[in-house]
Number of protein chains: 2
Amino acid sequence: MTDDPDSPAPRPAGARRGRPPSNALTRERILDAALALLEREGPEALTLRRLGADLGSNHTAVLRYFAGKDDILLGLAERLIAEAVEGFEPGPTWRATLAGLARRVRRACLAHPALAVLVASRVSRRDAEFRGADLVIGALLDAGFAPREAARHYRALVDVTLAMSSFEAASAVLDGADREGDRMAWRREYLAASPRRFPHLASVAPHLAGADEDDQFEFVMELLLNAVETRLGGGA
Amino acid sequence: MTDDPDSPAPRPAGARRGRPPSNALTRERILDAALALLEREGPEALTLRRLGADLGSNHTAVLRYFAGKDDILLGLAERLIAEAVEGFEPGPTWRATLAGLARRVRRACLAHPALAVLVASRVSRRDAEFRGADLVIGALLDAGFAPREAARHYRALVDVTLAMSSFEAASAVLDGADREGDRMAWRREYLAASPRRFPHLASVAPHLAGADEDDQFEFVMELLLNAVETRLGGGA
DNA sequence: ACCTGAACACCGTTCAAGT
DNA sequence: ACCTGAACACCGTTCAAGT
């Protein structure tokens with residue numbers, strides 16, 4: 001991809017042979033460095049100054065390629081959704097397609113939690129997102145929904161998937177950085193909640209610690225897709 | 001509540017009559033000011049310096065009452081969940097209870113989007129949260145679920161409700177501040193997506209702009225609670 | 001054409017000093 | 001006991017100046 005023959009990238013005049021000057025900035029190189037920085041040190045490490053240092057440039061140089069820090073974030077958002085969608089093929093049933101895509105979105109968010117937490121609510125409205133939308137809506141139309149119902153279900157599924165994935169990413173980032181064992185603290189304190197004041201809570205507390213995040217996500221998707229299937233049969 | 005007779009709040013010695021020195025800092029007064037600041041100017045306006053100015057104090061004075069900015073956020077998080085839960089009474093059916101509480105959580109988040117966006121993933125693990133958990137779990141046990149299933153369903157409902165509410169809050173904040181008409185831009189660009197490349201998307205695009213956020217939330221909750229009800233009947 | 005360096009107007013947190 | 005003020009180590013963005 002980078003050596004696409006009709007790539008418009010201007011080849012610096014000084015690079016006659018040997019490796020090109022490694023400090024040549026491009027949008028792609030800047031996004032690579034930003035992603036690496038996020039991965040290494042978490043969401044608040046992404047600053048223009050740190051980024052400039054990693055790139056071997058002045059911290060203001062990247063502003064020639066992006067309108068500002070926010071613009072970098074938008075570029076990263078498109079990468080995240082692209083990672084979730086690219087290469088995905090519809091499954092044998094509409095249900096497999098929907099569940100599969102939801103899992104891919106979640107996996108991409110958990111693979112880059114520091115990124116997901118920064119950009120999950122920033123829809124990119126670009127290519128990768130449209131491809132994902134087209135896949136989901138195609139599966140719903142395939143299942144038999146009329147356009148209006150397909151649109152409603154699409155938004156329900158996408159909202160729940162994205163919201164839950166970014167929510168999980170947020171606590172993954174917290175666990176890693178600020179909070180010591182947030183997840184464990186959560187379990188401990190729920191177990192310690194006063195049984196007199198919160199009797200229902202106390203009676204199921206041991207089970208709250210049980211299921212892990214993967215199971216919970218699968219469970220929510222199962223509930224949702226069951227409901228969708230029921231609506232399909234019941235003359236929705 | 002504030003004039004609880006056995007309140008441990010130290011009454012400043014100098015306050016003999018007339019109004020007490022209005023600059024006396026307390027945790028409550030600091031949280032009030034922080035909330036007002038968030039409401040007025042959005043999430044990034046909450047800085048210790050701005051807060052100090054609003055309180056008529058040096059910006060470092062609040063650090064005598066909170067361990068740091070993060071500690072203030074945690075205090076605000078507890079207020080948010082308290083607002084959602086306080087005064088809530090279980091409905092006539094378990095389903096009404098669950099839907100009602102979900103709506104209250106969402107409404108609190110949308111009433112304070114700048115706050116919700118900062119703290120939604122920071123569970124407070126304190127009183128108000130336990131009360132909410134107890135209500136939801138109580139409704140599920142009431143419905144007939146065994147403890148283990150009640151715990152699974154509780155987490156599914158709470159995760160979806162919180163995640164969607166904070167997700168919506170995030171875009172409400174964006175709409176208000178950074179992005180011009182983000183919601184409208186979304187509709188416009190989805191309508192403009194290439195029908196050749198994204199045929200399914202194009203065929204339902206007019207309907208995507210239709211349903212508003214309130215309807216979508218109700219729809220998701222309906223799907224979820226339908227699925228829960230089905231599990232109950234089907235020998236889950 | 002591309003990058004640098006200084007400057008500007010901000011941050012959160014620490015800590016010695018005031019009253 | 002409570003607060004201030006200066007200092008420290010950071011931010012993002014602008015803009016004139018260099019090469």
Side-chain angles (χ1 to χ4, degrees), chain A residues 8-16 20-31 33-34 37-38 40-76 114 118-119 122 174 177-179, chain B residues 8-16 20-31 33-34 37-38 40-76 114 118-119 122 174 177-179:
Chain A
R11 189 164 287 275
R16 348 209 17 140
S22 67
N23 56 337
L25 291 182
T26 62
R27 282 178 66 96
E28 290 313 303
R29 228 169 73 74
I30 290 168
L31 291 180
L37 186 51
L38 281 174
R40 251 187 300 125
E41 313 195 33
E44 67 265 21
L46 181 57
T47 71
L48 297 186
R49 286 170 151 91
R50 300 286 316 269
L51 192 52
D54 285 6
L55 287 162
S57 311
N58 185 275
H59 70 277
T60 63
V62 307
L63 296 178
R64 304 229 140 240
Y65 299 85
F66 291 92
K69 188 180 176 178
D70 205 66
D71 197 26
I72 298 176
L73 255 24
L74 254 29
L76 291 172
L118 287 177
V119 306
R122 313 292 300 275
L174 264 194
D178 290 58
R179 228 68 192 169
Chain B
R11 189 164 287 275
R16 338 181 65 112
S22 67
N23 56 337
L25 292 181
T26 63
R27 282 178 67 97
E28 291 311 304
R29 226 168 74 74
I30 291 168
L31 291 181
L37 186 52
L38 282 173
R40 252 187 299 126
E41 313 194 32
E44 68 264 22
L46 181 58
T47 71
L48 296 187
R49 285 169 151 93
R50 300 286 316 269
L51 192 52
D54 284 6
L55 287 163
S57 310
N58 185 276
H59 71 277
T60 63
V62 307
L63 296 177
R64 305 229 140 240
Y65 298 85
F66 291 92
K69 187 180 176 178
D70 205 66
D71 197 26
I72 298 176
L73 255 24
L74 254 28
L76 291 171
L118 288 177
V119 305
R122 314 293 300 276
L174 263 194
D178 289 60
R179 229 67 194 169

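Note that the structure is predicted; figures quoted are calculated from it, not measured. The figures here come from the full heavy-atom set of this structure, side chains too, leaving out hydrogens, waters and symmetry mates. Letters A, B, ... mirror the listed sequences (proteins, then strands); counts begin at 1.
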Inset, instruction - Can you see which heavy atom on B:R122 is nearest to which on B:L74, and at what distance? - result: NH2-CD1, 3.6 Å
Inset, instruction - Under the salt bridge (charged side-chain N to carboxylate O under 4.0 Å, His left out) rule, collect the residues that match up with B:D54, sequence neighbours excluded. - result: B:R40
Inset, instruction - Report the secondary structure of DNA chain C in dot-bracket form, marking unpaired bases with a dot and bases paired to a different strand with |, and treating Watson-Crick or G-U pairs with both distances under 3.5 Å as paired. - result: ||.|||||...|||||.||
Inset, instruction - With sequence neighbours excluded, tell me which residues meet side chain to side chain contact (heavy atoms under 4.5 Å, CB included) with A:A34. - result: A:L46, A:L51, A:I72, A:L76
Legend entry - For atom CZ of A:R64 and atom C1' of C:dG5, their distance in whole Å: 13 Å
Inset, instruction - Could you give the distance separating C:dC3 and D:dC15 at their C1' atoms, to the nearest angstrom? - result: 13 Å
Inset, instruction - Please report the shortest heavy-atom distance between A:S57 and A:L25, naming the atom on each side. - result: OG-CD2, 3.8 Å
Inset, instruction - Ignoring hydrogens and angles, tell me if any N or O in the side chain of B:R27 forms a donor-acceptor pair with the backbone of B:Y65 under 3.5 Å. - result: yes
Identify the pairs formed between an N or O of the protein and an N or O of nucleotides 10-13 of chain C at a distance under 3.5 Å, and give each distance.
| from | atom 1 | to | atom 2 | distance (Å) |
| --- | --- | --- | --- | --- |
| C:dC11 | OP1 | B:T47 | OG1 | 3.3 |
| C:dG12 | OP1 | B:L48 | N | 3.4 |
| C:dG12 | OP1 | B:K69 | NZ | 3.2 |
| C:dG12 | OP2 | B:L48 | N | 2.9 |
| C:dG12 | N7 | B:R49 | NH1 | 2.3 |
| C:dG12 | O6 | B:R49 | NH1 | 3.3 |
| C:dG12 | O6 | B:R49 | NH2 | 3.1 |
| C:dT13 | OP2 | B:K69 | N | 3.0 |
| C:dT13 | O4 | B:H59 | NE2 | 2.9 |

Inset, instruction - Quick one: closest heavy-atom pair of A:L37 and A:A45, and the distance? - result: CD2-O, 3.5 Å
Inset, instruction - Mind calculating the distance between CZ (A:F66) and C1' (C:dC3) to the nearest angstrom? - result: 17 Å
Inset, instruction - For A:N58, enumerate each residue passing the side chain to side chain contact (heavy atoms under 4.5 Å, CB included) test, keeping only those at least two apart in sequence or located in another chain. - result: A:T60
Legend entry - B:N58 side chain, from C-beta outward: closest of C:dC3, D:dG5, D:dC2: D:dG5
Legend entry - Residue pairs involving residues 57-68 of chain A (criterion salt bridge (charged side-chain N to carboxylate O under 4.0 Å, His left out); sequence neighbours excluded): none
Inset, instruction - Kindly say if B:Y65 contacts the phosphate of D:dC2, meaning a side-chain N or O under 4.0 Å from OP1 or OP2. - result: no
